[in-house]
**Student:** 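Dropping the structure in here first, questions after.
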Amino acid sequence: MRRSRTFRRTGTGLAVAAALAMMGMPVAQGAEEAAKEGGSWTGANDFSFQLSGYARAWASFNLEDQPELSGVGKDSAGKLSMLRGSVLLDADAKTGPVKWKVIGRLDREYKTNYLEDLEDLRATNGTAGGKSITENYNNGDIREFWAEIPIGDRITVKAGKQQLVWGESDFFQAMDLVHGYDYSWRLFFEGENEEWRKPLIMVSTKIRIPEAKGMIAAFVRPGWDRCEDIGNTYDIRGGRWFFQPYRGFDLTQVTDKNCDHKDGDMDDVTGGIRWSGEAYGLNYSIAYLTTFAADPVASSSFRPHQGVPVTGGVFDLIHPKIDVLGATVSGYSETLDAVISAEVAFTKDQPYNVGSGAFNPGNAANPGIGLNGIKKKDTLRTMIRIDKDLNLEGIFGTSRPSFSSVQLFNTQVLDYDGREDLVRLFAYGTPLNEHSTILTMFTTLNYKNDTINPGLAVGFDLSNGGGFAIPSVAMTFSDKWLAKVEADIFWDGGKSNRTQFSNGESQLFGYFSRASQLVFRLTRQF
């Protein structure tokens with residue numbers, strides 16, 4: 001039997017209080033002083049403490065009817081798809097030279113009529129009887145809990161549950177693969193990556209080498225995390241962000257997430273090392289890491305990966321280990337008056353599913369929809385980005401230049417051979433292309449001293465068609481109250497799948513087809 005974990009989920013408030021108590025913080029003694037200083041207190045003996053956080057609420061509405069519900073005579077457009085609240089507490093402390101950090105967050109959702117409709121839909125496809133659909137969205141957890149200790153003037157060591165950011169990409173990750181992301185409650189788009197990223201228990205270090213104008217960063221993950229902390233998490237219980245046409249289909253009834261698979265065992269030690277520096281007016285980095293593939297692949301009962309028996313009925317979801325070697329470079333161009341960044345990442349043995357075509361369990365040669373095994377291919381991801389301030393004051397009356405960015409992102413399967421019959425994603429029978437190229441652009445306008453900030457982000461799948469547009473307005477009412485309104489609009493380029501387990505043409509934005517949303521967010525900071 002697997003050993004118990006020391007960082008199991010617990011009530012956020014209780015865990016935060018326990019963590020502070022473990023640090024030996026005389027919180028009660030300094031409460032009056034803390035209140036006077038807006039949540040901060042600095043005491044004697046080189047001790048300081050600060051507590052901050054936020055309370056946040058979201059509401060989103062469907063902008064389109066969805067084929068899953070249209071097929072049973074129910075409308076989707078205009079319905080409230082999300083009513084969500086979160087409370088986050090962020091505690092910082094310093095005891096002598098040691099810095100401490102504890103972040104806890106509690107998330108809760110109301111089961112809207114739309115979510116009720118999706119849950120009822122399970123009865124029509126044989127996946128009823130699973131957990132409530134909101135259990136995929138509700139959460140309470142200690143997100144970070146670490147201590148950072150300086151060793152001399154050049155070295156710091158951080159131990160505990162933490163986040164590391166390695167890479168330059170915004171919308172799509174090339175080198176930023178240390179952590180998986182939680183896309184279950186909102187697949188697209190929440191701007192703060194640190195809110196999506198799934199922290200891990202690690203020991204990390206930074207070693208500054210000023211003589212070489214650089215720094216070494218390294219980490220070791222000893223393998224003490226939970227299964228849910230590994231890889232990306234998607235809304236596979238049939239919720240609002242499951243890929244079309246699988247909303248209302250609870251995939252957990254026919255699959256398990258297997259974190260004990262010998263090709264992706266969560267107990268295995270992972271880690272990485274990165275050198276970042278400056279040379280010839282450029283910032284650059286070179287990094288290597290061994291980690292888990294971010295997106296899961298299906299080890300099916302028809303072709304069990306490496307002969308490991310499947311426990312999830314039809315297939316198991318696994319995250320095989322991969323090795324990644326990458327580099328980044330960025331610098332200012334006087335000619336363009338812009339910052340140009342580039343990133344390249346070579347992944348050894350990126351896993352892909354095999355078997356295009358519709359699901360046909362009677363075909364022993366190929367059951368289809370990616371269930372004909374797993375094939376590993378070396379993969380090259382490249383990114384180039386241009387960041388520039390545009391002088392739009394005379395056109396739009398903005399109060400200052402508008403930060404804008406253009407990013408081109410390409411994924412190439414090396415030594416590609418169409419006869420290998422790779423598919424882009426399990427549960428779809430669409431073949432994988434050798435290249436997948438995405439172009440994204442965004443700009444932000446600023447009014448009234450940055451208190452009103454309209455923005456627009458757009459993206460295009462240049463290889464397969466489809467894309468997205470995100471018009472938004474962010475508003476700052478005070479140093480405590482913030483709000484944002486945005487629309488997440490998708491188009492599929494005529495390549496979408498509206499029938500489950502069929503031989504459709506869906507590629508990336510086919511998964512998002514008919515998922516356009518209008519989203520409101522209100523934040524109270526403290």
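Remember, it's a predicted structure, so these values are computed and weren't measured experimentally. The basis for the numbers below is simple: all heavy atoms, side chains too, and nothing from hydrogens, waters or symmetry mates.
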**Student:** Before accepting this row, confirm whether a basic side-chain N of the pair Arg247/Glu68 lies closer than 4.0 Å to the acidic partner's carboxylate O.
**Tutor:** yes
**Student:** Check whether Gln163 reaches the backbone of Glu194 with its side chain - one donor and one acceptor, N or O, closer than 3.5 Å.
**Tutor:** yes
**Student:** Residues two or more places apart in sequence or in another chain: which of them pass side-chain hydrogen bond (donor to acceptor under 3.5 Å, both in side chains) with Thr233?
**Tutor:** Lys198
**Student:** If only atom types and distance count, is the side chain of Glu148 paired as donor or acceptor with the main-chain N or O of Val157 below 3.5 Å?
**Tutor:** no
**Student:** Mind checking side-chain contact (heavy atoms from CB on, under 4.5 Å) for Asp65 and listing every partner two or more places apart, or none if nothing turns up?
**Tutor:** Ser70, Asp75, Ser76, Ala77, Arg514
**Student:** For Thr430, enumerate each residue passing the side-chain hydrogen bond (donor to acceptor under 3.5 Å, both in side chains) test, keeping only those at least two apart in sequence or located in another chain.
**Tutor:** none
**Student:** Relative to each other, are the rings of Trp166 and Phe219 parallel, tilted or perpendicular (30° and 60° limits)?
**Tutor:** perpendicular
**Student:** Excluding sequence neighbours, so at least two apart, what forms salt bridge (Lys or Arg N to Asp or Glu O under 4.0 Å) with Asp488?
**Tutor:** Arg186
**Student:** Before accepting this row, confirm whether a basic side-chain N of the pair Asp229/Arg226 lies closer than 4.0 Å to the acidic partner's carboxylate O.
**Tutor:** yes
**Student:** Flag the pair Val314 / Leu371 as yes when at least one side-chain heavy-atom distance between them is below 4.5 Å, and no otherwise.
**Tutor:** yes
**Student:** Taking the side chain from His319 and the backbone from Cys259, do they hold a donor-acceptor pair closer than 3.5 Å?
**Tutor:** no
**Student:** Would you name the heavy atoms of Pro351 and Val297 that are closest together and state the gap between them?
**Tutor:** O-CG1, 3.7 Å
**Student:** For Tyr114, enumerate each residue passing the ring-ring contact (aromatic ring centres under 6.0 Å, His included) test, keeping only those at least two apart in sequence or located in another chain.
**Tutor:** none
**Student:** How close do Gly370 and Asn353 get, counting heavy atoms only, and between which atoms?
**Tutor:** O-ND2, 3.1 Å
**Student:** Can you confirm if the aromatic rings of Phe315 and Phe426 lie within a centre distance of less than 6.0 Å?
**Tutor:** yes
**Student:** Between Ser204 and Gln162, does a side chain to side chain donor-acceptor pair (under 3.5 Å) hold up when you go through it step by step?
**Tutor:** CA-CA 9 Å; Ser204 63; Gln162 57 187 282; 2.6 Å; yes
**Student:** Is any side-chain heavy atom of Leu69 closer than 4.5 Å to one of Leu121?
**Tutor:** yes
**Student:** Using the ring of each side chain (for Trp, its six-membered ring), is Tyr183 parallel, tilted or perpendicular to Trp196, with breaks at 30° and 60°?
**Tutor:** perpendicular
**Student:** Sequence neighbours excluded, which residues qualify as side-chain contact (heavy atoms from CB on, under 4.5 Å) partners of Ile216?
**Tutor:** Ile207, Ile209, Ile273, Trp275
**Student:** Side chains of Trp185 and Glu109: does their closest heavy-atom pair fall under 4.5 Å?
**Tutor:** yes
**Student:** Which pair of heavy atoms, one from Ile230 and one from Met266, lies closest together, and at what distance?
**Tutor:** CG1-CB, 3.9 Å
**Student:** Would you find a donor on one side and an acceptor on the other, under 3.5 Å apart, between the side chain of Ser81 and the backbone of Ser60?
**Tutor:** yes
**Student:** Per the salt bridge (Lys or Arg N to Asp or Glu O under 4.0 Å) rule, what does the pair list look like for residues 359-375, sequence neighbours excluded?
**Tutor:** Lys375-Glu420
**Student:** Can you name the residues that form a side-chain hydrogen bond (donor to acceptor under 3.5 Å, both in side chains) with Asn125, not counting sequence neighbours?
**Tutor:** Thr127
**Student:** Does the Arg385 side chain pair with the main chain of Phe409, one donor and one acceptor, at a distance under 3.5 Å?
**Tutor:** no
**Student:** Got a sec, which pairs hit salt bridge (Lys or Arg N to Asp or Glu O under 4.0 Å) with one end in residues 289-315, sequence neighbours left out?
**Tutor:** none
**Student:** Can you find a heavy atom in the side chain of Val344 that is under 4.5 Å from one in the side chain of Arg381?
**Tutor:** no
**Student:** So Tyr246 and Leu251, do their side chains get closer than 4.5 Å, heavy atoms only?
**Tutor:** no
**Student:** Determine, step by step, whether Ile236 and Thr252 satisfy the side chain to side chain contact (heavy atoms under 4.5 Å, CB included) criterion, reporting the C-alpha distance in whole Å, the side-chain angles of both residues, the deciding distance to 0.1 Å, and the verdict.
**Tutor:** CA-CA 7 Å; Ile236 65 171; Thr252 63; 3.9 Å; yes
**Student:** Should Ser436 and Asn410 be marked as a side chain to side chain donor-acceptor pair (under 3.5 Å) after you check the CA-CA gap, both sets of side-chain angles, and the distance that decides it?
**Tutor:** CA-CA 6 Å; Ser436 177; Asn410 182 73; over 6 Å; no
**Student:** Using a 3.5 Å distance criterion without hydrogens, assess whether the side chain of Gln507 forms a donor-acceptor pair with backbone atoms of Pro431.
**Tutor:** yes
**Student:** Testing the basics here: between Lys377 and Thr379, what is the closest heavy-atom pair and its distance to 0.1 Å?
**Tutor:** O-OG1, 3.3 Å
**Student:** Can you run down the salt bridge (Lys or Arg N to Asp or Glu O under 4.0 Å) pairs that involve residues 116-128, sequence neighbours left out, and say none if there aren't any?
**Tutor:** Lys74-Asp117, Lys79-Asp117, Lys111-Glu119, Arg122-Asp250
**Student:** Just verifying a value: how many Å separate Asp492 CG and Ser506 OG, rounded to the nearest 0.5 Å?
**Tutor:** 7.5 Å
**Student:** Partners of Lys321 by side-chain hydrogen bond (donor to acceptor under 3.5 Å, both in side chains), sequence neighbours excluded?
**Tutor:** none
**Student:** I'd like to know if the side chain of Thr112 reaches the main chain of Leu80, judged simply by a donor and an acceptor atom lying under 3.5 Å from each other, with no hydrogens or angles considered.
**Tutor:** yes
**Student:** Parallel, tilted or perpendicular: which describes the rings of Phe512 and Trp241, with under 30° parallel and over 60° perpendicular?
**Tutor:** perpendicular
**Student:** Which atoms form the tightest heavy-atom contact between Ile318 and Ser299, and what is the distance?
**Tutor:** CD1-CB, 4.3 Å
**Student:** Under a 4.0 Å threshold between the charged nitrogen and the carboxylate oxygen, would Arg221 count as salt-bridged to Asp268?
**Tutor:** no
**Student:** Could you list all the salt bridge (Lys or Arg N to Asp or Glu O under 4.0 Å) pairs where at least one residue sits in residues 344-355, not counting sequence neighbours?
**Tutor:** Lys348-Asp378
**Student:** Would you please say whether a donor-acceptor pair under 3.5 Å links the side chains of Asp107 and Ser86?
**Tutor:** yes
**Student:** Let me see the working for Glu64 and Ser516 under side chain to side chain donor-acceptor pair (under 3.5 Å), right down to the final yes or no.
**Tutor:** CA-CA 6 Å; Glu64 302 173 276; Ser516 298; 2.8 Å; yes
**Student:** Strictly distance-based, threshold 3.5 Å: is any side-chain N or O of Asp316 a donor or acceptor partner for the main-chain N or O of Gly312?
**Tutor:** yes
**Student:** Of the non-hydrogen atoms in Arg424 and Asn464, which two are nearest, and what is the gap between them?
**Tutor:** NH1-ND2, 3.4 Å
**Student:** Do Asp141 and Arg105 come close enough that some side-chain heavy atom pair is under 4.5 Å?
**Tutor:** no
**Student:** Would you indicate whether the side-chain heavy atoms of Tyr352 and Val413 approach each other to under 4.5 Å?
**Tutor:** yes
**Student:** Side chain of Asp421, backbone of Val354: donor and acceptor closer than 3.5 Å?
**Tutor:** no
**Student:** Report the C-alpha separation of Phe501 and Tyr428 in whole Å, then their side-chain angles, then the decisive distance to 0.1 Å, and conclude whether the ring pair (Phe, Tyr, Trp, His ring centres under 6.0 Å) test is met.
**Tutor:** CA-CA 6 Å; Phe501 310 114; Tyr428 290 86; 9.3 Å; no
**Student:** Quick check against the 3.5 Å criterion: does Thr134 have a side-chain atom that pairs as donor or acceptor with the backbone of Tyr137?
**Tutor:** no
**Student:** For a 4.5 angstrom cut-off between non-hydrogen side-chain atoms, does Trp146 reach Lys161?
**Tutor:** no
**Student:** Go through the steps to decide whether Asn497 and Glu505 satisfy the test side chain to side chain donor-acceptor pair (under 3.5 Å), and finish with yes or no.
**Tutor:** CA-CA 6 Å; Asn497 187 353; Glu505 295 182 305; over 6 Å; no
**Student:** For the residue pair Phe249 and Phe243, is the inter-centroid distance of their aromatic rings smaller than 6.0 Å?
**Tutor:** no
**Student:** Is any NZ, NE, NH1 or NH2 atom of the basic residue among Arg240 and Asp235 found under 4.0 Å from an Asp or Glu carboxylate oxygen of the other?
**Tutor:** no
